[in-house]
Amino acid sequence: MDSVKGLFKPKPTPQQQLRDWQRRLRQECRNVDRQIRDVQREEKNVQKAIKDCAKRNDMASAKSLAKELVRSRRAVTRLYENKAQLNSVSMHLGELVATSRAVGHLSKSADVMKLVNKLMKAPEMAATMQEFSKEMTKAGVIEEMMNDAVDSALDSEDIEEEIEEEVDKVLTELAGETASELPDAVRKERLKQPSTSQTVDEEPIAEGAEDDELDQIRARLANVRS
């Protein structure tokens, strides 16, 4: 029955298609804002965990968590870029309204195609933008295109190349009272190797429980980034 109704459903006008796309793009922007808030909220827990590790002289765990924090901060930056590109797509679609009213159909836009292609390469937006791509191709707004994930792979390589410097900054920022008191050479060496010593005033912590807690933090942070 639904398929029969679909046959008699009036085809949307170009203006109606544009309004629908813009409405959905605004919803995607709100979703991006929610993701950013979730990541930033979880980052506070990671920062506290890094400080706790530094106080225990467990610099291996601190470094591991700091890497997750750096990746999350980069993810937030990428989300802000995605939001800006979504707004740009909406703006360019709005500019097509006047043209569609004059000629009666949607004309192609190289700017929209370029932005959609960029968003298709973003892991957070890939599925959504693939759907938009199909609809816009069918409506004649963009040419059919293939998604290329090379940029994402290169981005991962860049992160690994720069991660040591970023981690050092994070540890200095979050555990400065511990790290800044050490000579530079000693501090870098302690970042590479876990410390087996504990201060006299600290109570021993069960290693298994500590590892479980760190794993849970990493998992939550990875989940809100995805």
Out of curiosity, E43 CD to R73 CZ, how far, rounded to the nearest 0.5 Å? 6.0 Å
Quick one: pull up CD in Q17 and CD in Q15 and give me the separation to the nearest 0.5 Å. 9.5 Å
Under 3.5 Å, is there a donor on one side chain and an acceptor on the other for Q27 and N31? yes
With the side chain counted from C-beta on, respond yes when W21 and L18 share a heavy-atom pair under 4.5 Å apart, and no when they do not. yes
Any side-chain heavy atom of N117 sitting closer than 4.5 Å to one from K121? yes
Taking the side chain as C-beta and beyond, is there a heavy-atom pair between R56 and D52 under 4.5 Å? yes
Applying side chain to side chain contact (heavy atoms under 4.5 Å, CB included) to A62 and not counting sequence neighbours gives I50, C53, L171
Do the non-hydrogen side-chain atoms of K48 and K51 ever get within less than 4.5 Å of each other? no
Between atom CG of L79 and atom OG of S72, what is the distance when rounded to the nearest 0.5 Å? 10.0 Å
Transitively linked via ILVMFWY side-chain contacts under 4.5 Å: V32 with M91? no
Point-to-point distance, once rounded to the nearest 0.5 Å, from CZ of R23 to CD of E28: 11.0 Å
Gap separating the CG atom of L86 from the CE atom of M125, nearest 0.5 angstrom: 4.0 Å
Side chain to side chain donor-acceptor pair (under 3.5 Å) partners of N87, counting only residues at least two apart: none
Minimal heavy-atom distance between E124 and R78, with the atoms involved, is OE2-NH2, 2.9 Å
Heavy-atom check, side chain of L115 versus side chain of M129, under 4.5 Å: no
Looking at K138 and E135, is any side-chain nitrogen of the basic one under 4.0 Å from a carboxylate oxygen of the acidic one? no
Here the gap from E95 atom CD to H92 atom NE2, rounded to the nearest 0.5 Å, amounts to 6.0 Å
Is it true that R19 and Q16 share a donor-acceptor pair across their side chains at a distance under 3.5 Å? no
Looking at side-chain heavy atoms only, is the closest gap between V141 and V116 below 4.5 Å? no
What's the shortest heavy-atom distance between K108 and G140, and which atoms? CG-O, 3.0 Å
T137 meets the side chain to side chain contact (heavy atoms under 4.5 Å, CB included) criterion, sequence neighbours left out, with S133, I142, E144
Is the closest basic N to carboxylate O distance between D33 and R37 below 4.0 Å? no
Atom of S61, atom of D58 and distance for their closest heavy-atom approach: OG-OD2, 2.8 Å
